Each structure stands twice: as structure tokens, then as C-alpha cells.
Amino acid sequence: MDLFDYMHENAKEKQAPLASRMRPTSLDEVVGQSHIIGRDKLLYRAIVADQLRSVIFYGPPGTGKTTLAKVIANTTKGEFRQINATSAGKKDMEEVIEEAKQLFGMGGRRTILFIDEIHRFNKSQQDYLLPYVEDGTVILVGATTENPYFEVNGALISRSIIFELHPLTTEDILGLLRRAMKDTEKGLGLYNAEITDEAIEFIADVANGDARKALNALELGVLTTTPGKDGVTRIDLSVAQECIQKRAIRYDKTGDNHYDTISAFIKSMRGSDPDAAIYYLARMLYAGEEVTFVARRIMICAAEDVGNADPQALQVAVAASLAAERIGMPEAQIILSQAAAYVACAPKSNAAVNAIGAAMEAVRSEKTPAIPPHLQDAHYGGAGKLGRGVGYEYAHLYPNHFSTQQYLPDEYVGTTFYEPGDLGYEKQIKEWLAFLRKGGNHADN
């Protein structure tokens with residue numbers, strides 16, 4: 001590195017955002033994640049002993065994935081290389097791998113390759129890395145906000161240890177913010193700034209576990225607030241609210257939080273908890289989820305989990321879907337809330353699910369028997385001569401509009417697919433069906 005490069009890097013470091021400047025350089029400075037970097041934990045011991053093996057850090061933004069990679073870079077005696085999957089191509093990887101081969105061949109020196117946003121690499125790019133991770137040419141350190149079991153090559157997963165990082169606690173972020181306010185070397189300590197307890201606690205809370213978001217908001221407040229006559233820059237609650245206006249919801253429509261939230265929403269409706277169902281509905285809508293997606297899930301739950309215990313649930317869900325699509329947000333949230341609450345509070349039955357499941361299995365696994373001749377189509381010339389429809393009993397001509405005639409194929413006579421439950425309207429269906437199955441046409445109900 002020549003003098004100009006050194007000056008450029010030095011200026012770049014000083015002008016970097018606060019979140020970057022405050023990034024820890026050692027394990028002891030790392031905040032949170034004690035479940036994986038506590039002193040008695042595997043990752044901590046591996047980093048300290050410089051015996052790291054391939055790992056993938058997985059977690060929401062601002063939880064310390066890149067920070068841990070930087071700590072490894074400052075700790076290891078091996079060569080540390082970093083690339084970002086959003087901009088790197090195969091040529092970049094080839095250069096790193098070639099250099100790693102030479103280092104390992106000449107002196108057995110290891111290369112640690114940090115790939116940020118590793119889920120952005122396509123399958124062929126991930127496949128290219130595999131043999132070099134396998135033979136130890138590089139130690140892979142991957143970072144991703146997406147579930148690696150969905151987005152990363154299974155072969156790479158099997159050769160790596162997955163460490164999941166959790167959102168930082170409010171107390172963790174408070175500590176970072178207070179440290180940044182006092183730090184005169186990397187933080188804001190030279191700005192002669194003060195922040196009220198109310199304001200700093202608001203930023204820590206609204207950041208929702210994202211340290212980067214909290215530090216960026218703090219820096220914005222300090223840099224954009226005019227100092228008072230005494231030269232002190234004061235950050236109060238109103239300034240904090242301007243700097244971090246909306247709570248950051250960890251929600252990616254193609255990622256883990258999307259599936260986790262919709263799963264919790266459905267399970268809450270199924271579990272008859274309208275409060276939880278509406279809460280998860282709010283989280284989805286606040287994050288910008290499509291109302292049509294949410295409405296489809298309510299309709300599915302109405303059929304799958306309520307069924308005939310309250311047949312009106314499906315009608316409410318379908319009507320809500322149509323209304324929400326036509327009206328749009330923000331009013332659609334009221335319609336979806338009504339439907340979700342109705343489905344959650346309705347009596348539950350999965351008898352229809354069990355019935356179609358059993359019938360589908362019978363169709364899939366067994367030979368297809370003939371339909372009884374009297375049920376076959378007779379609406380064409382010559383059908384009667386072939387026995388089609390002969391002997392069919394028109395149900396409305398019999399008491400209770402019911403005939404004891406056989407409807408299932410011979411091979412399935414006596415088989416029961418639909419077993420109504422004992423809740424809601426299905427209890428009446430069960431009683432009526434039991435009456436019919438006993439030959440209900442012989443006496444008035």
C-alpha cells in the first residue's frame with residue numbers, strides 16, 4: 001500500500017457511518033449473541049484458538065454477522081479475504097481460490113473467505129466453492145439474512161456449522177448507543193452532544209433489535225441538530241422520532257419472517273385466539289403484505305379448520321377477500337380483521353380435511369372400481385340398453401328426500417370417509433347423517 005492508498009483508507013475510515021466505525025474489533029467488544037459467543041461456547045473457543053472451520057452466520061440485519069467476520073479477520077493468523085455476493089462474480093472467486101492455493105501450497109497458510117449475502121450466489125457459483133471448502137483450501141465464513149437451509153447449497157450446508165444470530169435486546173442497543181455518545185475516537189464524543197433518557201430509549205426500542213438502524217438514527221440526530229447557544233447539541237424525543245420514524249419490522253416477503261408470520265397467523269386462527277390472529281395480521285399488513293395473500297389464507301383456514309362446524313365462516317372469508325381486493329388499504333385491514341376474528345372464534349372441525357384425505361388416498365393406492373350402473377350417465381341414446389342409469393331412485397320421491405340406494409362402488413360399501421364432529425352446526429349434521437345411515441327414509445325425522 002503506497003502513501004496515497006494509506007491516506008485514502010484512513011479518510012474512508014474516518015468518514016464511514018457511525019455503525020461502521022463502532023463495529024467491534026475483538027470478541028470482548030461484541031454485544032449480544034452470548035448463546036454462540038459466550039466464553040464457554042464453541043464459536044468463541046474456535047475464534048480465540050484460531051481453529052475456525054467453515055461457518056454460516058444467519059440472522060436479521062444489524063445483529064452482528066459482518067461484525068463477527070471482522071473479529072475473525074482481526075484474530076486469525078490466516079489470510080482473510082472478503083467478497084460480497086451481490087457484486088462478486090466467478091472471476092472474483094477464482095482469483096481468491098488461486099491465491100489461497102498458493103498460500104496453502106507454499107507454507108500451509110490458511111485462507112478464510114468471508115462471503116457476505118451468500119444467498120445471492122446462484123447454484124453454479126455455490127457449487128464452484130464446494131471442492132475448495134471440502135479440501136480445506138478455504139475456510140468459508142458466510143453471512144445471510146435468509147434461512148440457509150432454503151437458500152444455500154445443501155452440500156455447503158453439510159460442510160459448515162450454522163450459527164443463528166438473534167435480534168439484539170433493547171438493553172444491548174442502549175449500551176451501544178451510550179458508548180457511541182461517549183467514544184471520542186470512533187463515536188460522537190467530540191460533538192459535545194447530549195441525549196435525553198427518553199430519546200435514547202425510544203431509539204433503542206424502535207430499532208427492533210437492529211443495531212445498525214439505531215446507530216444510524218443517533219448519528220443523524222447529532223449531525224442535523226443545531227447546537228444551542230451554549231454550544232451543546234441536545235437530542236430530545238421529538239428529534240429521535242424524526243430520525244427513526246417507523247419501527248423496522250423484520251419481514252421479507254420471500255424469506256423466513258414471511259413464512260413464520262403467516263404460520264403464526266394461521267395457527268392462531270386454528271387455535272381460536274382472535275387476539276393473536278389480529279396481531280399477526282397487523283404485522284403482515286404493516287410490513288406491506290398483499291391483502292390478497294392474507295385473504296387467501298383466511299379462506300383456506302375457514303375451510304380447513306372450521307369446515308361445517310360453521311359453514312358461514314367460508315362465506316365470510318370469501319366475502320372479505322372480494323371486499324378487501326376491491327377497496328384496498330387502509331380500509332381493507334378492517335375487513336380482514338373482521339374475517340380473521342370470525343374464523344378464529346368459530347367452532348372448529350377438520351372433518352372435511354380428513355374425509356378428502358382418506359378418499360384421495362383410496363383413489364391413489366387402490367384400483368379404480370366401476371361406478372354402480374344405476375349412477376352412470378343415461379343422457380344419450382342407447383344408454384338404457386347398456387344398463388346405464390337403470391334402477392336409479394330419485395331421492396326427492398322418498399320420505400325425507402332420501403333413498404337407501406347404494407352410491408359407493410361395490411368395493412367400498414360400508415366405508416366411511418366423512419365423520420362429522422361434535423361442535424357447532426356439524427353436530428346437527430352428525431345427528432342427521434347418523435339417522436340417514438340407519439335408513440332414515442322409513443320414518444319421518
Side-chain angles (χ1 to χ4, degrees), residues 262-263 266-267 269-270 292-293 295-322 325 339 342-343 346-445:
I262 194 63
S263 175
I266 293 169
K267 289 172 181 174
M269 287 191 293
R270 180 184 298 140
T292 52
F293 172 80
R296 285 197 300 270
R297 292 322 186 264
I298 298 175
M299 287 188 285
I300 291 169
C301 189
E304 180 179 2
D305 298 303
V306 177
N308 287 331
D310 184 352
Q312 190 171 335
L314 184 56
Q315 297 178 34
V316 170
V318 171
S321 176
L322 294 172
E325 186 174 0
Y342 190 99
V343 171
K348 302 297 189 293
S349 171
N350 65 346
V353 177
N354 295 335
I356 190 60
M360 290 294 287
E361 176 60 23
V363 171
R364 184 192 66 80
S365 60
E366 300 176 20
K367 291 182 179 180
T368 304
I371 294 174
H374 58 274
L375 298 183
Q376 294 177 11
D377 181 28
H379 291 85
Y380 60 92
K385 295 179 180 179
L386 297 174
R388 306 291 196 269
V390 175
Y392 170 65
E393 297 177 359
Y394 187 57
H396 296 295
L397 297 178
Y398 295 83
N400 295 312
H401 300 260
F402 174 74
S403 167
T404 57
Q405 190 164 46
Q406 174 186 331
Y407 293 95
L408 278 169
D410 293 341
E411 291 83 348
Y412 285 101
V413 171
T415 300
T416 299
F417 292 111
Y418 178 54
E419 286 286 358
D422 295 313
L423 295 178
Y425 182 69
E426 203 163 40
K427 181 178 181 181
Q428 298 180 49
I429 295 176
K430 184 175 184 177
E431 294 172 354
W432 174 247
L433 190 56
F435 167 74
L436 295 180
R437 284 171 175 170
K438 292 178 181 179
N441 64 317
H442 298 300
D444 290 338
N445 182 25

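Values reported hereafter were calculated over all heavy atoms of this structure, with side chains retained and with hydrogens, waters and symmetry mates removed. On a predicted model such as this, the values are computed, not experimentally measured, just so you know.
What you find for Ala395 and Tyr392 is that their closest heavy atoms are N-OH, 4.5 Å. For the pair Pro347 and Val306, the tightest heavy-atom approach, listed with the atom from each and the gap, is O-CG1, 3.4 Å. When all heavy atoms of Pro409 and Ala370 are compared, the closest pair comes out as CB-O, 3.5 Å. Residues Ala352 and Tyr418 approach most closely at N-CE1, 4.3 Å, considering heavy atoms. Closest approach of Ala320 and Ala339 over heavy atoms only: CB-CB, 3.5 Å.
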Please assess Tyr342 against Gln312 for the test side chain to side chain contact (heavy atoms under 4.5 Å, CB included), listing each intermediate value before the final yes or no. CA-CA 9 Å; Tyr342 190 99; Gln312 190 171 335; 3.8 Å; yes
Intermediate values then yes/no, side chain to side chain contact (heavy atoms under 4.5 Å, CB included), Arg437 and Thr416: CA-CA 10 Å; Arg437 284 171 175 170; Thr416 299; 3.9 Å; yes
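Not counting sequence neighbours, Arg297 has no partner by the salt bridge (charged side-chain N to carboxylate O under 4.0 Å, His left out) test.
The distance from atom OG of Ser349 to atom CG of Asn308, rounded to the nearest 0.5 Å, is 7.0 Å. Atom NZ of Lys348 and atom SG of Cys301 lie 7.0 Å apart (nearest 0.5 Å). Distance check: Asp305 CG to Asp310 CG gives 13.0 Å after rounding to the nearest 0.5 Å. Remark: Lys430 NZ to Tyr425 OH distance equals 15.5 Å, nearest 0.5 Å. To the nearest 0.5 Å, atoms CG (Asn354) and CZ (Phe417) are separated by 12.5 Å. Separation of atoms CZ (Phe402) and CD (Glu393) is listed at 10.0 Å; rounding is to 0.5 Å.
Environment of CD in Glu325: sparse, with no more than 12 heavy atoms of neighbouring residues, nucleotides or ligands closer than 6.0 Å. For Leu322, the CG atom sits in a packed shell: over 12 heavy atoms of surrounding residues, nucleotides or ligands are nearer than 6.0 Å.
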Under 3.5 Å, which donor-acceptor pairs do the side chains of residues 359-366 form with other protein atoms, sequence neighbours left out?
residue, atom, partner, partner atom, Å
Glu361, OE1, Arg364, NE, 3.1
Glu361, OE1, Arg364, NH2, 3.2
Glu361, OE2, Arg364, NH2, 2.7
Ser365, OG, Glu361, O, 2.7
Glu366, OE1, Tyr412, OH, 2.6

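The backbone N or O of Leu408 lies less than 3.5 Å from a partner atom in the side chain of Gln406, making a donor-acceptor pair.
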